[in-house]
**Q** 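Sharing a structure with you now.
Residue numbers begin at 1 in each chain, while the letters A, B, ... track the order of the sequences.
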2 protein chains.
Amino acid sequence: MTSHRPYHHGNLRQAVLDRAAVMLRDRGAADLSLRELASDVGVTHAAPRRYFPDRQALLDALAVEGFVRLGTRLRAAVQAAPGYREQVRSAAAAYLRFATSEANLVELMFAHNRGADGAAVTQGANAAFAPILEMFRRGETEGLLPGRDPERVGLLFVATIQGVAGLINCGMIDADRLDDLAADVAGQVLGPPPSPA
Amino acid sequence: MTSHRPYHHGNLRQAVLDRAAVMLRDRGAADLSLRELASDVGVTHAAPRRYFPDRQALLDALAVEGFVRLGTRLRAAVQAAPGYREQVRSAAAAYLRFATSEANLVELMFAHNRGADGAAVTQGANAAFAPILEMFRRGETEGLLPGRDPERVGLLFVATIQGVAGLINCGMIDADRLDDLAADVAGQVLGPPPSPA
DNA sequence: ACCTGAACACCGTTCAAGT
DNA sequence: ACCTGAACACCGTTCAAGT
């Protein structure tokens, strides 16, 4: 009960960010209050302003963190799968799992009203999608993408999977079709399977 | 200058909704203030509450209106194109044009935190996508979708095109690739073109 | 350098009261 | 039935002042 405590012990920026991530997941970006955040972390309402000049800066920082996490998941999903075709499906499933379990975060990550350094978010997004791009580039060198630009395929893959995630999150697709749809998306970009019949 | 005016002359609900649509387009859903809206329309802040029990109800109503407009555009785009393949590309292009010119509205339409009667939004979405579904059902009966479920194709089509729109709106794809990408998406769901070479 | 505390203008929501 | 006006608890943002 040491009263009149000094300032803040550790890293205030990260403490605010961590608490904000919880608040975002539970209640969404619209309900994210800087004052409540500061109070939760044990600091006055104006203190976080040293690290986040305004509310949007905090939201952007959360989006950047989200893309870091997504990139890690995607890289792991690709590495864990044995062959090219399985990698595409694994990446799709990992993306859908992340996007549906962190719906509020993903909505923020792809929001189009950003703050002064919104470029950092776009840069984070590109970094997160790097494993996807590398995967399709490998597919090209292995001759599995006949006559197709791997960048274009990667772009459509990301768009499709993000679109599916959005339709699931806003209630237009049943969530239990997740793995089913991941395979569908993979099949669409890859073309028909080799010879299942 | 007739002072001390009576209540409100016309349809307050629609007046608020119309003004809100402008505010949404210009500044986004986060900046939409019921008090400012009421003031703009010439009524006290509590008056709109008769028609929109809370802020979210207004946002949901805007989303429903958005889906009505989108459905009209999609139906027109399909009807204006001569053949099946052109219809798919035309619908894709129309969707992308709508989604990029009304970025804030589309973001709201696909938001996943909705109010008490969020089911009305989902219902509006399904109605808007009906022309797409009908288009692919026709494609099936004409034998142009060999061995594929038209509902599934329609779902992936909408997801992909909505995903592309999202990537454009958040700055991850150049907007000038719009028609190019529309053709790409159409090509992806339709398979390779008949015999262009 | 980092945080406090007061102040400003705004917000959504509620509700008794007016016409 | 429809709207007003006051009240409540909350916001983001600013800034002089403290340590």
**Q** Are the side chain of A:Ser90 and the backbone of A:Glu86 linked by a donor-acceptor contact shorter than 3.5 Å?
**A** no

**Q** Can you tell me how far C1' of C:dT4 sits from CG of A:Leu12, to the nearest Å?
**A** 13 Å

**Q** Does B:Arg49 place a side-chain N or O at less than 4.0 Å from the phosphate oxygens OP1/OP2 of C:dG12?
**A**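 Answer no for this pair, as no side-chain N or O of B:Arg49 is under 4.0 Å from OP1 or OP2.
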
**Q** Could you tell me which nucleotide pairs with C:dA1 by Watson-Crick or G-U wobble geometry, both distances under 3.5 Å, or answer none if nothing does?
**A** D:dT19

**Q** Between A:Tyr95 and A:Phe129, what is the ring plane arrangement, given parallel below 30°, perpendicular above 60°, and tilted in between?
**A**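 A:Tyr95 and A:Phe129: parallel rings.
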
**Q** From the options C:dC2, D:dT14, D:dT4, select the nucleotide whose nearest atom is closest to the side chain of A:Tyr51.
**A**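 Of the candidates, C:dC2 comes closest.
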
**Q** Report which part of the nucleic acid A:Phe52 touches: base, sugar-phosphate, or nothing (heavy-atom distance under 4.0 Å, all strands).
**A** nothing

**Q** Between B:Arg50 (CZ) and C:dT19 (C1'), how many Å, whole number?
**A**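 Going from CZ in B:Arg50 over to C1' in C:dT19 covers 13 Å.
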
**Q** Using heavy-atom distances to pick each residue's nearest nucleotide on DNA chain C, tell me which of A:Thr44 and B:His45 is more 5'.
**A**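 Its nearest nucleotide lies further toward 5', so the answer is A:Thr44.
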
**Q** Starting from P on D:dG12, measure out to CG on A:Asp31 and report it in whole angstrom.
**A** 11 Å

**Q** Whole Å only: how far is the CG atom of B:Asp54 from the P atom of C:dG12?
**A**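 My rounded result for the distance is 11 Å.
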
**Q** So, does B:Ser33 get its side chain near the phosphate of C:dG12, meaning an N or O under 4.0 Å from OP1 or OP2?
**A**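 B:Ser33 to C:dG12 OP1/OP2: side-chain N or O found under 4.0 Å.
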
**Q** Whole-Å distance between D:dC11 C1' and A:Gln56 CD?
**A** 16 Å

**Q** For a side chain to side chain donor-acceptor pair (under 3.5 Å) with A:His112, tell me which candidate from B:Asn169, B:Asn104, B:Thr100 qualifies.
**A**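 The passing option is B:Asn104.
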
**Q** Please report the C-alpha distance between A:Asp60 and A:Gln56 in whole Å, then the side-chain angles of each, then the deciding distance to 0.1 Å, and finally whether the side-chain hydrogen bond (donor to acceptor under 3.5 Å, both in side chains) criterion is met.
**A** CA-CA 6 Å; A:Asp60 289 346; A:Gln56 189 59 51; 3.1 Å; yes

**Q** Can you measure A:Glu36 atom CD to D:dG12 atom P for me and round it to whole angstrom units?
**A**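 Nearest whole value for this atom pair: 9 Å.
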
**Q** Does the structure show a Watson-Crick or G-U wobble partner for D:dT14, both distances under 3.5 Å? Name it, or say none.
**A**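 C:dA6 - that is the nucleotide pairing with D:dT14, both distances being under 3.5 Å.
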
**Q** When you look at A:Gln188 and A:Asp184, which way does the side-chain hydrogen bond (donor to acceptor under 3.5 Å, both in side chains) test go after all the steps?
**A** CA-CA 6 Å; A:Gln188 175 152 294; A:Asp184 230 17; over 6 Å; no

**Q** In whole Å, what is the span from the CZ atom of A:Arg35 to the P atom of C:dA6?
**A**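 Roughly 12 Å, once rounded to whole Å.
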
**Q** What does B:Arg55 touch in the nucleic acid at a heavy-atom separation under 4.0 angstrom: a base, only the sugar-phosphate, or nothing?
**A** sugar-phosphate

**Q** Between atom CG in B:Leu59 and atom P in C:dG12, what is the gap in whole Å?
**A** 10 Å

**Q** What's A:Leu32 touching, base or sugar-phosphate or nothing? Going by heavy atoms closer than 4.0 Å.
**A**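 A:Leu32: backbone/sugar contact only, no base atoms under 4.0 Å.
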
